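Here the structure is laid out as structure tokens; the discussion comes afterwards.
Keep in mind the model is a prediction, meaning the values are calculated, not measured. Note that ligands are numbered from 1 as they come in the structure, with each ligand's atoms numbered from 1 the same way.
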Amino acid sequence: MKKSQLAETAIDRIEKVFGTHQGHRRAHARGKSYRARFTATGSASELTTASHLQKGESRAFVRFSHFSPDPTWADAMSPVKGMAVQFELANGEATNIVGVTSPIFFAKTPEIFTEMLGVAKSFKKGKPSITELAGLLKDYPESGAMLNNIRKMQAPASFATGQYNSVHAFYFIDLKGQRRPVKYLWEPEEAVETLSPLDAVKLPVGSFEADIEDRIAKGPVNFRLDVILGQPEDPTDDPTKEWPDDREKLTIGYLAIVEEAPEADEIVFDPTLVTEGIACSEDRILNFRHDAYRISHQRRMSEQ
Ligand code: HEM
């Protein structure tokens with residue numbers, strides 16, 4: 001199957017499992033968008049020629065979200081939260097960093113992702129095909145481990161207290177053309193804080209949005225942008241694998257989120273939108289996301 005056909009199938013299956021929600025993103029449907037200022041420290045200059053990572057300031061949009069494709073789900077049912085950032089570049093172009101509060105993804109390839117959604121379809125009818133799912137998890141143990149983690153995972157207490165991972169690796173490319181694998185990590189200025197599942201279920205729908213609005217009304221909500229520097233043995237093609245904890249981290253910038261920006265709701269935060277000085281890794285899930293996000297965008301815009 002061609003990559004774009006597989007992406008159509010994946011989006012069709014998301015709709016089958018979670019419903020079609022007119023005008024909404026087909027994943028991370030509920031969220032809130034903001035304006036931000038990004039200040040690059042300049043410490044990435046030796047590793048990449050990317051213009052927004054040279055010492056200085058740029059403007060950005062940020063969208064916080066709950067992972068569910070169903071916008072009516074309670075905040076607690078989406079322990080994975082998203083933080084998508086789009087930087088405006090001096091040449092009029094843009095580039096994105098899209099993060100979630102999990103360091104890994106549950107499927108290694110687009111085919112596995114789409115196959116798993118095909119099985120999940122039966123959950124909706126209240127008759128989970130346990131045999132099929134068990135077979136699938138036996139074939140893909142990395143997915144089983146991740147799904148177990150999600151079950152145990154605690155949501156951040158606020159969008160402002162989450163740590164957001166790019167999950168995929170990217171390459172920084174320096175002036176001489178040398179490539180260095182990196183992963184991004186947004187670290188909150190506030191202490192990292194999570195919610196117990198018991199506290200999370202008490203929260204009314206939309207409480208995360210109300211909380212972040214309150215915080216921003218009082219002053220900027222701040223994040224630090226770190227890159228984790230990969231070593232040659234670290235996998236760059238597998239989003240189900242974390243890199244070892246002891247990898248060097250470099251702080252390359254600070255983000256101050258300052259005001260609401262509903263106009264950013266239309267943005268497609270395609271993680272493959274990189275700029276000169278940065279390249280996507282070979283990770284097939286990362287590259288698949290380009291088509292999936294385009295299709296979701298087409299569908300949601302045609303419904304407005
Ligand atoms: C097979 C893999 C994946 C598929 C098919 C997929 C699909 C989607 C779709 C359809 C959207 C909505 C796009 C739009 O309408 O603008 C979306 C949004 C999002 N996805 Fe994924 N996704 C995948 C993997 C991931 C991974 C690995 C991450 C981890 C960083 C991620 C994080 C997000 C976030 C944070 C958003 C919200 C972006 C925003 O605020 O607009 N996704 N995803």
Side-chain angles (χ1 to χ4, degrees), residues 3-15 17-18 20-34 60-71 78 80-86 94 96-118 120 142-143 146 150 156 159 162-170 183-186 208-209 212 237-242 261-273 280-281 283-304:
K3 204 173 85 182
S4 58
Q5 270 166 353
L6 187 63
E8 289 278 359
T9 307
I11 301 295
D12 287 346
R13 289 190 179 174
I14 292 178
E15 290 181 2
V17 176
F18 295 92
T20 304
H21 303 280
Q22 301 281 315
H24 285 280
R25 285 166 168 77
R26 270 30 181 187
H28 292 256
R30 183 153 53 87
K32 208 127 180 81
S33 304
Y34 293 94
F61 285 112
V62 178
R63 182 173 179 270
F64 289 109
S65 58
H66 310 272
F67 94 86
S68 177
D70 182 343
S78 284
V80 178
K81 308 293 180 199
M83 176 176 160
V85 181
Q86 178 157 99
N96 299 330
I97 297 179
V98 186
V100 286
T101 51
S102 161
I104 50 173
F105 190 59
F106 66 89
K108 191 174 171 179
T109 66
E111 289 79 10
I112 296 173
F113 175 81
T114 311
E115 193 179 336
M116 293 182 92
L117 275 174
E142 72 283 357
S143 301
M146 167 68 183
I150 289 191
F159 283 136
Q163 290 167 300
Y164 299 87
N165 306 268
S166 66
V167 177
H168 310 288
F170 293 82
K183 288 186 181 182
Y184 299 101
L185 178 62
W186 289 107
F208 271 68
E209 287 87 327
I212 194 87
D237 62 349
D238 187 349
T240 68
K241 297 258 163 34
E242 263 186 280
E263 70 273 24
D265 285 350
E266 287 183 11
I267 293 179
V268 191
F269 289 95
D270 173 355
T272 68
L273 185 66
C280 290
S281 63
D283 184 330
R284 293 191 50 228
I285 290 281
L286 167 63
N287 293 291
F288 182 67
R289 289 172 66 189
H290 173 74
D291 280 332
Y293 288 39
R294 179 181 51 75
I295 294 163
S296 168
H297 184 247
Q298 273 167 1
R299 293 191 190 182
R300 65 182 164 95
M301 295 317 282
S302 73
E303 294 157 354
Q304 278 175 357

Say whether, by atom type as modelled, one donor and one acceptor occur between the side chain of [X] and the main chain of [Y] under 3.5 angstrom.
X	Y	value
Tyr164	Ala84	no
Ser68	Ser78	no
Ser166	Tyr184	yes
Arg63	Ala264	no
Arg25	Asp265	yes
Ser143	Phe106	yes
Arg26	His24	yes

Any idea which of [options] brings a heavy atom closest to [atom]?
atom	options	answer
atom 38 (C) of ligand 1	Ala29, Ser296, Ala84	Ala84
atom 23 (C) of ligand 1	Arg289, Arg300, Gln298, Arg63	Arg289
atom 42 (N) of ligand 1	Phe105, Tyr293, Phe67	Tyr293

Identify the protein heavy atom lying closest to [atom], giving its residue, its atom name and the separation to 0.1 Å.
atom	result
atom 29 (C) of ligand 1	Val100 CG2, 3.5 Å
atom 11 (C) of ligand 1	Ala27 CB, 3.7 Å
atom 30 (C) of ligand 1	Val98 O, 3.5 Å
atom 41 (O) of ligand 1	Arg25 NE, 2.6 Å
atom 4 (C) of ligand 1	Phe113 CZ, 4.0 Å

For [X] and ligand 1, answer yes if some heavy atom of the residue is under 4.0 Å from a ligand atom, otherwise no.
X	result
Gly99	yes
Ile14	no
Arg299	no

Checking side-chain contact (heavy atoms from CB on, under 4.5 Å) for the pair Asp270/Arg294: CA distance, chi angles, key distance, verdict?
-> CA-CA 8 Å; Asp270 173 355; Arg294 179 181 51 75; over 6 Å; no
For ligand 1, which atoms have a heavy atom of [X] less than 4.0 angstrom away?
X	result
His168	27 (C)
Ala292	5 (C), 10 (C)
Gly82	35 (C)
Ile285	1 (C), 2 (C)
Ile11	10 (C)

Ring pair (Phe, Tyr, Trp, His ring centres under 6.0 Å) between Phe269 and His297: does it pass, once the steps are laid out?
-> CA-CA 10 Å; Phe269 289 95; His297 184 247; over 10 Å; no
Test: Arg299 and Asp12 ion pair at under 4.0 Å = yes
